[in-house]
Amino acid sequence: AEYMGVDGQDELVMTSVEQSVSREVRLSGGVPLVFAVTLVEFDIDVGVKIAEEFPLNFELSHSDKEQLAHICMPDGAHIHKEDWSYVILQDEPLKDDKLYGIALYRCVQDATVRRGSIQKSLLILSRQ
């Protein structure tokens, strides 16, 4: 299933992602490979926001989640059809507890929406 769509497509994709993540592929030591999955979108009224997240309320502060949402959208997002972002999150510089992320951004032209396009990004966070 594609993550970019309208008319309920996002719900279908997040359900598919939830089913995949719930299988819990684990790293050595029993830590799940996937820490979290988010669907980020640009809303013309509120700006960039996390539209969906799995698991719900995963362990990051609200400000960290806001920063992640903005990192997932490229500068000048409306002129890009597709882009990738890579992130590494680390609370303390000397601590070895990191989160790695990869986000795929897509922009689809759609004359039926106010801005003229649908802009979304799918972010996967992992411990490795």
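Quick caveat: nothing in here was measured; it's all calculated off a predicted structure. Values below: all heavy atoms of this structure, side chains included; hydrogens, waters and symmetry mates excluded.
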Query raised in the report: Is there side-chain contact between Leu68 and Leu60, with at least one heavy-atom pair below 4.5 Å?
Result: yes
Query raised in the report: Quick one: which of Lys65, Glu41, Glu66 gives a side chain to side chain contact (heavy atoms under 4.5 Å, CB included) with Ile50?
Result: Lys65
Requested in this report: Grab the two heavy atoms, one from Cys107 and one from Gln119, that are nearest each other, plus how far apart they are.
Outcome: SG-CG, 3.9 Å
Requested in this report: Measure the SG-CD distance between Cys72 and Gln67 for me, rounded to the nearest 0.5 Å.
Outcome: 12.0 Å
Query raised in the report: For Ile71, does its backbone N or O pair with a side-chain atom of Ser85 as donor and acceptor, under 3.5 Å?
Result: yes
Report summary line: To the nearest 0.5 Å, atom CG of Leu99 lies from atom OG of Ser126 at 8.0 Å
**Report entry** Nearest atoms (heavy-atom pairs only) where Met73 meets Val40
**Finding:** CE-O, 3.7 Å
Query raised in the report: When rounded to the nearest 0.5 angstrom, what is the spacing between CZ in Arg115 and CD in Gln109?
Result: 10.5 Å
Report task. Mind listing the closest non-hydrogen atom pair of Ala103 and Leu123 along with its distance? Result -> CB-CD1, 3.9 Å
Report task. Please check if Leu125 and Ile88 belong to a single hydrophobic cluster, counting links between Ile, Leu, Val, Met, Phe, Trp and Tyr side chain heavy atoms closer than 4.5 Å. Result -> no
**Report entry** Pairwise distance CD1(Ile124) to CG(Leu33) - rounded to 0.5 angstrom
**Finding:** 9.5 Å
Query raised in the report: Passes side-chain contact (heavy atoms from CB on, under 4.5 Å), Val87 versus Tyr100? Steps please.
Result: CA-CA 6 Å; Val87 297; Tyr100 301 90; over 6 Å; no
